[in-house]
Amino acid sequence: MRMLVVAAVLAGLAVPGGAEGRLAGFVALRDVDPSIGEDVRYAGPRNFTGAVVDGYAEPVCLLARPAAEALRRAQRELLRGGYALKVYDCYRPQRAVDRFVRWAGEPDDPAAKAEYYPEVDKGRLIPEGWIAARSAHSRGSTVDVTLVALPARREVDMGTSFDFFGPASHTRSPEVGAAARANRRLLERVLGAQGFVNLPEEWWHFTLRPEAFPDTAFDVPVSVAAGRP
């Protein structure tokens, strides 16, 4: 869940998406390709904070339209090989990013530490870049995603769980097994062919380049209505 700090001045500002709480130029991924699985972790308690995260009103993946359409093209290729995509997070409002920063300053939860950051002191999550004040997700062209095997749609071995804060999550980590390395290469190859660029520290994190909104961090809550005209 490493978050990239935006250098441009405008990227440092969270802006609304319109008076009615909608995100112009965004779509619900399910409206573009309902065959892509969705497990939006921050809309429920199964995440490192242990609770629904601020700004996630509904468990839906919203993306800038070009990113959603690029995922649909990648999905078509994967389906031919017996795989499919499943997303964990897509557009992330700035208020959720702010919540992560506050969480990093709170006392440890032993269960969360054991699952998500057993090798890193919580006080080091911000200095080491796992948590930051700005996220590429807030611009709408970044997705956290994995592979599932068909027909059971069972998640394949990726070496670590989603949002594991540690070196084993690095895409090229030698700490994971051969099957996980092969699955990471497959995900990176298929998404890369559609213009997505992987964040090397996180095997699950991809940003479509060029971004539709490279200088804007949005703060509209995540809901189905926000991604529809």
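The shown structure was predicted, so the numbers you read here are calculated from the model rather than taken from an experiment. The basis for the numbers below is simple: all heavy atoms, side chains too, and nothing from hydrogens, waters or symmetry mates.
- Two residues are said to be in side-chain contact when any heavy atoms from C-beta on lie closer than 4.5 Å; L71 and D33 fail this criterion.
- Minimum heavy-atom separation, R92 to A96: CG-CB, 3.8 Å.
- When every heavy atom of G159 is checked against every heavy atom of V176, the shortest pair comes out as CA-CG1, 3.7 Å.
- Clustering ILVMFWY residues whenever any of their side-chain heavy atoms sit less than 4.5 angstrom apart, transitively, puts V222 in a cluster other than the one holding V32.
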Go through the steps to decide whether D39 and V87 satisfy the test side chain to side chain contact (heavy atoms under 4.5 Å, CB included), and finish with yes or no. CA-CA 6 Å; D39 180 11; V87 297; over 6 Å; no

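- Side chains of Y42 and F100 form a contact here, defined as non-hydrogen atoms less than 4.5 Å apart.
- Heavy atoms only, all atoms of each residue included: A217 and Q94 are closest at CB-OE1, 4.1 Å.
- For the pair R184 (side chain) and M158 (backbone), a donor-acceptor distance under 3.5 Å is present.
- Applying the salt bridge (charged side-chain N to carboxylate O under 4.0 Å, His left out) test to every pair with at least one member in residues 148-162, sequence neighbours left out, gives these pairs: K86-E155.
- Of all non-hydrogen atoms in S169 and T160, the two that sit nearest each other are OG-OG1, 3.3 Å.
- Here the rule is side-chain contact (heavy atoms from CB on, under 4.5 Å) with Y88, and of V143, D144, V40 only D144 fits it.
- The two residues V156 and A149 have their closest heavy-atom pair at CG1-N, 3.9 Å.
- Residue T146 holds its OG1 atom at 8.0 Å from CG of N183, rounded to the nearest 0.5 Å.
- Annotation: side chain of E69 is not in contact with side chain of Q194 (no heavy-atom distance under 4.5 Å).
- By the 4.0 Å N-to-carboxylate-O rule, E77 lies close enough to R189 to be salt-bridged with it.
- No side-chain heavy atom of T207 sits under 4.5 Å from any side-chain heavy atom of F196.
- Side-chain atoms of L85 and L187, non-hydrogen and from C-beta on, do get closer than 4.5 Å to each other.
- Using a 4.5 Å cut-off on side-chain heavy atoms (C-beta onward), L62 and C90 make no contact.
- Here the closest heavy-atom approach between residue F48 and residue A112 is recorded as O-CB, 3.7 Å.
- With E201 contributing its side chain and H170 its backbone, the two residues share no donor-acceptor pair below 3.5 Å.
- Remark: R65 CZ to D31 CG distance equals 8.5 Å, nearest 0.5 Å.
- Interatomic distance, F206 CZ to T171 OG1, rounded to the nearest 0.5 Å: 6.5 Å.
- Salt bridge D163/R41: absent, no basic N to carboxylate O contact under 4.0 Å.
- With rounding to the nearest 0.5 Å, the separation of NZ in K122 from CZ in R124 is 15.0 Å.
- Between R99 and E106 there is a salt bridge, since at least one side-chain N of the basic residue sits less than 4.0 Å from a carboxylate O of the acidic one.
- For S141, the side-chain hydrogen bond (donor to acceptor under 3.5 Å, both in side chains) criterion is met by no residue, not counting sequence neighbours.
- When side chains are defined from C-beta on, E175 counts as touching P167, because their heavy atoms get closer than 4.5 Å.
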Using the side chain to side chain contact (heavy atoms under 4.5 Å, CB included) rule, take R30 and V224 through it: C-alpha gap first, then chi angles, then the decisive distance, then the call. CA-CA 10 Å; R30 65 183 63 168; V224 174; 4.1 Å; yes

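- Under a hydrophobic-cluster definition in which Ile, Leu, Val, Met, Phe, Trp and Tyr are linked whenever side-chain heavy atoms come within less than 4.5 Å, directly or via other members, V148 and L78 are assigned to different clusters.
- Taken together through direct or relayed side-chain contacts under 4.5 Å among Ile, Leu, Val, Met, Phe, Trp and Tyr, V27 and F213 form parts of separate hydrophobic clusters.
- Rounded to the nearest 0.5 angstrom, I131 CD1 and L125 CG are separated by 6.0 Å.
- Between F26 and F218, the gap from one ring centroid to the other is short of 6.0 Å.
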Residue pair V97, R134: steps toward the side chain to side chain contact (heavy atoms under 4.5 Å, CB included) verdict: CA-CA 7 Å; V97 180; R134 296 288 176 262; 5.7 Å; no

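- Sorted by first and then second residue, the side chain to side chain donor-acceptor pair (under 3.5 Å) pairs involving residues 46-60 (not counting sequence neighbours) are N47-T49, D54-R102, Y56-D89.
- No more than 12 heavy atoms of other residues, nucleotides or ligands shown are found within 6.0 angstrom of OH on Y83.
- By the 4.5 Å heavy-atom criterion applied to side chains, Q75 and S35 are counted as neighbours.
- With rounding to the nearest 0.5 angstrom, the OG atom of S161 is 6.0 Å from the CD atom of E115.
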E188/R172 under salt bridge (Lys or Arg N to Asp or Glu O under 4.0 Å): CA gap, chis, key distance, verdict: CA-CA 11 Å; E188 187 176 16; R172 298 283 190 272; 2.6 Å; yes

